[in-house]
J.: 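Structure in structure tokens, see below.
Fair warning: this is a prediction, and the values are worked out from it, not measured in the lab.
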Amino acid sequence: MADIDTERLEAALVELARQPTMSAFSDLGRSLERSAYFILGKLHRSGPMSIGQLAEAFRLDQSTINRQTAALVRKGMVERVADPEGGLARKFVPTDEGRRRYLAERDRRIAGLRGLLADWSAADVRRLTELLERFSASVDAFRRRRSD
């Protein structure tokens with residue numbers, strides 16, 4: 001990759017990082033804190049997870065995940081259950097309320113993205129998605145190599 005391309009990419013990532021959160025793309029506002037949305041989304045996509053699994057997935061300290069999940073438990077959005085696979089660790093699952101609020105927030109974000117990308121072709125949206133998924137996988141792989 002040419003150096004000028006790397007410089008453009010760095011500048012584009014800085015610009016993207018300074019943009020408002022995804023929920024700002026919707027006029028409907030935000031119903032969940034950022035960490036709540038991320039945790040509920042991960043549980044929605046991956047199924048029951050323990051504190052350790054969530055900490056590993058987000059590359060955060062277990063004490064941070066413990067505080068975040070405790071807040072979600074207090075708000076009635078997640079609950080701890082016995083491991084469905086018979087393990088010793090208790091796992092978190094979204095409650096009906098947590099699932100409802102996560103899906104409502106996700107739907108708002110998707111609607112906002114649709115409005116933002118209304119003048120993009122389906123092929124361009126698909127390509128952007130593929131490249132972002134690839135970039136994210138590269139970031140994860142790089143971080144794993146550095147932590148080994």
J.: Can you tell me how far CZ of Arg108 sits from CG of Leu103, rounded to the nearest 0.5 angstrom?
T.: 11.0 Å

J.: Applying side chain to side chain contact (heavy atoms under 4.5 Å, CB included) to Glu33 and Lys75, what does each step give before you reach the verdict?
T.: CA-CA 12 Å; Glu33 294 176 349; Lys75 293 175 183 176; 3.7 Å; yes

J.: Using atom types as modelled and distance alone, determine if a side-chain donor or acceptor of Thr95 lies under 3.5 Å from a backbone N or O of Gly76.
T.: yes

J.: Going by heavy atoms in the side chains, are Leu128 and Leu132 under 4.5 Å from each other?
T.: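 A side-chain contact exists here, since the closest heavy-atom pair is under 4.5 Å.
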
J.: Return the set of residues passing side chain to side chain contact (heavy atoms under 4.5 Å, CB included) with Arg18 (not counting sequence neighbours), or none when no residue passes.
T.: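 Arg18: side chain to side chain contact (heavy atoms under 4.5 Å, CB included) contacts with Glu15.
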
J.: Over all heavy atoms of both residues, which pair between Gly98 and Leu40 is shortest? Give the atoms and the distance, please.
T.: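 Scanning both residues completely, I find the closest heavy atoms to be O-CD1, 3.8 Å.
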
J.: What pairs with Thr129 under side-chain hydrogen bond (donor to acceptor under 3.5 Å, both in side chains), at least two apart in sequence or on another chain?
T.: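 So Thr129 forms no side-chain hydrogen bond (donor to acceptor under 3.5 Å, both in side chains) with any residue.
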
J.: Walk me through it: do Met49 and Phe92 pass the test side chain to side chain contact (heavy atoms under 4.5 Å, CB included)?
T.: CA-CA 5 Å; Met49 296 179 77; Phe92 291 96; 5.9 Å; no

J.: Salt bridge (Lys or Arg N to Asp or Glu O under 4.0 Å) for Arg109 and Glu105? Distances and angles first, verdict last.
T.: CA-CA 6 Å; Arg109 289 171 179 235; Glu105 177 76 8; 3.1 Å; yes

J.: Are Leu9 and Val139 connected in the hydrophobic side-chain network, where two residues link if heavy atoms are under 4.5 Å apart?
T.: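 Same hydrophobic cluster.
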
J.: If I compare all heavy atoms of Val81 with all of Val93, which pair ends up nearest, and what's the gap?
T.: CG1-CG2, 3.8 Å

J.: To the nearest 0.5 Å, what is the distance between CD1 (Ile65) and CD1 (Ile51)?
T.: 7.0 Å

J.: Hey, does Gln53 have a side-chain heavy atom less than 4.5 Å from the side chain of Lys91?
T.: yes

J.: Less than 4.0 Å between a side-chain N and a carboxylate O, is that true for Arg143 and Asp140?
T.: no

J.: Can you establish whether the number of heavy atoms outside Arg127 located under 6.0 Å from its atom CZ is more than 12?
T.: no

J.: May I ask you to check whether over 12 heavy atoms, not counting those of Arg59, lie within 6.0 Å of atom CZ?
T.: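 Enclosed.
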
J.: Taking the side chain as everything from C-beta on, heavy atoms only, tell me whether Leu54 gets closer than 4.5 Å to Leu43.
T.: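 Side-chain contact under 4.5 Å: yes.
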
J.: According to a hydrophobic-cluster definition based on side-chain heavy atoms being under 4.5 Å apart (Ile, Leu, Val, Met, Phe, Trp, Tyr only), do Leu131 and Val125 belong together?
T.: no

J.: For the atom pair OG1 (Thr6) and CD1 (Ile4), what is the distance rounded to the nearest 0.5 Å?
T.: 9.0 Å

J.: So which heavy atom on Ala57 is nearest to which on Lys42, and how close?
T.: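 That closest heavy-atom pairing would be CB-CE, 3.7 Å.
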
J.: Nearest heavy-atom pair of Ala36 and Leu72: which atoms, and what distance?
T.: CB-CD2, 3.5 Å

J.: With a 6.0 Å cut-off (strictly less than), is the heavy-atom count around CD of Glu130, excluding the residue itself, greater than 12?
T.: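 Yes, because the 6.0 Å sphere around CD of Glu130 holds more than 12 heavy atoms from other groups.
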
J.: Kindly check if the number of other-residue, nucleotide or ligand heavy atoms within 6.0 Å of CD (Glu56) is above 12?
T.: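 Open.
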
J.: Please check if the number of heavy atoms outside Asp61 that lie under 6.0 Å from its CG is greater than 12.
T.: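 Counting neighbours around CG of Asp61, more than 12 heavy atoms of other residues, nucleotides or ligands fall under 6.0 Å, so yes.
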
J.: I would like to know whether Arg106 and His44 meet side chain to side chain contact (heavy atoms under 4.5 Å, CB included); could you show each step before the answer?
T.: CA-CA 11 Å; Arg106 186 190 67 178; His44 178 78; 4.0 Å; yes

J.: Hey, are the side chains of Arg99 and Met77 touching, using non-hydrogen atoms and a 4.5 Å cut-off?
T.: no

J.: For Gln62 versus Ala55, what's the shortest heavy-atom pair and its separation?
T.: CG-CB, 3.7 Å

J.: Check Thr69 against Val78 and note the closest heavy-atom contact, atom names and distance.
T.: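 Heavy atoms only, the tightest pair is O-CG2, 3.9 Å.
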
J.: Under 4.5 Å between side-chain heavy atoms, counting indirect links through other Ile/Leu/Val/Met/Phe/Trp/Tyr residues: same cluster for Leu16 and Leu113 or not?
T.: no

J.: Run the side chain to side chain contact (heavy atoms under 4.5 Å, CB included) check on Thr64 and Phe58 step by step: do they pass?
T.: CA-CA 10 Å; Thr64 300; Phe58 293 116; over 6 Å; no

J.: Could you state whether Tyr37 and Ile110 fall into the same hydrophobic cluster, counting links through intermediate Ile, Leu, Val, Met, Phe, Trp or Tyr residues with side-chain heavy atoms under 4.5 angstrom apart?
T.: no

J.: Quick check: are there more than 12 heavy atoms from other residues, nucleotides or ligands sitting under 6.0 Å from CG of Leu88?
T.: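 Result for CG/Leu88: open.
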
J.: Are the side chains of Leu13 and Phe135 in touch, meaning some heavy atoms are under 4.5 Å apart?
T.: yes

J.: Hey, does the side chain of Arg100 reach the backbone of Asp96 with a donor-acceptor pair shorter than 3.5 angstrom?
T.: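 No.
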
